[in-house]
Protein chains: 2
Amino acid sequence: MGDIPQSHPRRASLLARQRLVDAAAAGLLADSALIAHGRGEAFDYLLGERTSDSARLAILEVAARLLAAERPVISVNGNTVVLAGKAAIRIAASLSCPIEVNLYYRTPERIEKLLTGLEEMRAEVASEAPPNDGTQAQWADSVKAIQILGAESDGRIEGLEGPRALCSRIGIEAADTVLVPLEDGDRCEALMALGKQVLVVDLNPLSRTARRATITIVDEVSRALDLLSAALLTNPEPADFDNSANLRAALHVMAESAERL
Amino acid sequence: MGDIPQSHPRRASLLARQRLVDAAAAGLLADSALIAHGRGEAFDYLLGERTSDSARLAILEVAARLLAAERPVISVNGNTVVLAGKAAIRIAASLSCPIEVNLYYRTPERIEKLLTGLEEMRAEVASEAPPNDGTQAQWADSVKAIQILGAESDGRIEGLEGPRALCSRIGIEAADTVLVPLEDGDRCEALMALGKQVLVVDLNPLSRTARRATITIVDEVSRALDLLSAALLTNPEPADFDNSANLRAALHVMAESAERL
């Protein structure tokens, strides 16, 4: 993809596509991960490939809920690691919360590769300039202190069967609030049924995940997590939030786009 | 995917997805083919996964143009072969026209695998009951007589560079009318510039292909080609056709769907 000019209007989307293709070739992703990404591309196309005002409000509310949570955790799958792994690490460092690799189609090989990828990204993020008022050494310490979970699978998500139910006991099982981009509908419902706050990123505002979650950020995952990382620094307070109205606003943007020919 | 019940409302879509995943594993598809399929899934979701009235009109007009053409050809890529190869063969038999395997990302291995797949499908279609008034023997003869092109690449699509320009001299190069499902925008434009009628199937009504083609069927490729195969038997006549109005109608269906939460 070296031939995409810097000025190409869809450059970010094309680069993200190539990262997914490369990651699939490297064995990091489930078979259907590329198809899921393509679905996302289509919805993002209808969003104009930019973050809508309603998504910005949802991001701010998610930031507030994460800051107010007692035991937040960030659950990541393959696509999230590939597209937004560093942003997830920055968020975990700001919150001092764990990241858990948790896969719908769980295999030890993919878990291992994704954990390795996250460790490499963590080393890079640790050497970045601090995003807050602290020193670089403080930032590096907070990044290095993040627990990266997922190998152990000693916990369970009640209400699910088989390998989909596996999780980390000190991660998702113990959490009161789960930030889980690109989640499956069944698991979103199971987490909700356990009384957890489920904060999702999903480009399809009609998906079961989008409709059942506590808060749904309808946006592309790398844009959303970059903005979330920034929003955490502003210390927002939780508010009343109408997720149905939020989803309707996203649909309205897409519907207007679909009429714009 | 043996666990999808017959009654599942999205069964056809889930089975198609599995066929693409299997075909990718078998090396029939380019790296980005699964992503393209995912984009299509999202647009089809907005169509309600059924053929709209405006798509039915477009299919009828495509049938009429193909019947009126002097040298029609059907150009197929990997996704089309996997999802709708048999329907393409039935259409070619009805029209006594060639099918050409023509790939944007051309490799000899994929061409060879797709040609082999089409030959196998042709044998199956030849033994089907005839769709028209003829005898089974006549149908079998017309199916076996189809030229399946693509191995030779002795022709060129003027206006394109490199391997994307390669085609069959007696196929796409000689054709006055090309039925080309799931085509790339650049090649659609190049074929149009050569004065050919370009009849496409594309689920994204805003894509360059959809907007530049002579006629655009905004529908899922297997549904569209099954209906096209049936439409050919009714001997429709070419009419005035406003493709922009056709695309607006498709967008309107999607926009209404996007507002239906």
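In what follows, every chain begins at residue 1, and chains take the letters A, B, ... in the order their sequences are listed.
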Undergrad: What closest approach, in Å, do A:R39 and B:A42 show between heavy atoms, and which atom pair accounts for it?
TA: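 Scanning both residues completely, I find the closest heavy atoms to be O-CB, 3.6 Å.
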
Undergrad: Just so I know, are the side chains of A:L46 and B:L46 near enough to count as touching, which here means a heavy-atom distance under 4.5 Å?
TA: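 With C-beta onward as the side chain, the pair touches.
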
Undergrad: Can you tell me if CZ on A:F241 sees more than 12 non-hydrogen neighbours from other groups inside 6.0 Å?
TA: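 Yes.
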
Undergrad: Please report the interatomic distance CZ(B:F43) to OH(A:Y45), rounded to the nearest 0.5 Å.
TA: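 Answer rounded to 0.5 Å: 7.0 Å.
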
Undergrad: Are more than 12 heavy atoms from other residues, nucleotides or ligands located less than 6.0 Å from atom CZ of A:R10?
TA: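 Yes - once you tally the heavy atoms of other residues, nucleotides and ligands closer than 6.0 Å, there are more than 12.
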
Undergrad: Is the OH atom of A:Y104 crowded by more than 12 outside heavy atoms at less than 6.0 Å?
TA: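 Result for OH/A:Y104: enclosed.
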
Undergrad: In Å, rounded to the nearest 0.5 Å, how long is the span from CG of B:L34 to OG of A:S32?
TA: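 Those atoms lie 9.0 Å apart.
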
Undergrad: Could you have a look at A:D44, A:I35, A:D31 and say which one has the most heavy-atom pairs with chain B under 4.5 angstrom?
TA: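 Most pairs with chain B among the choices: A:I35.
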
Undergrad: Go through the atoms of B:N204 and report whether side chain, backbone, both or neither lie under 4.5 Å from a heavy atom of chain A.
TA: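 Only the side chain of B:N204 comes within 4.5 Å of chain A.
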
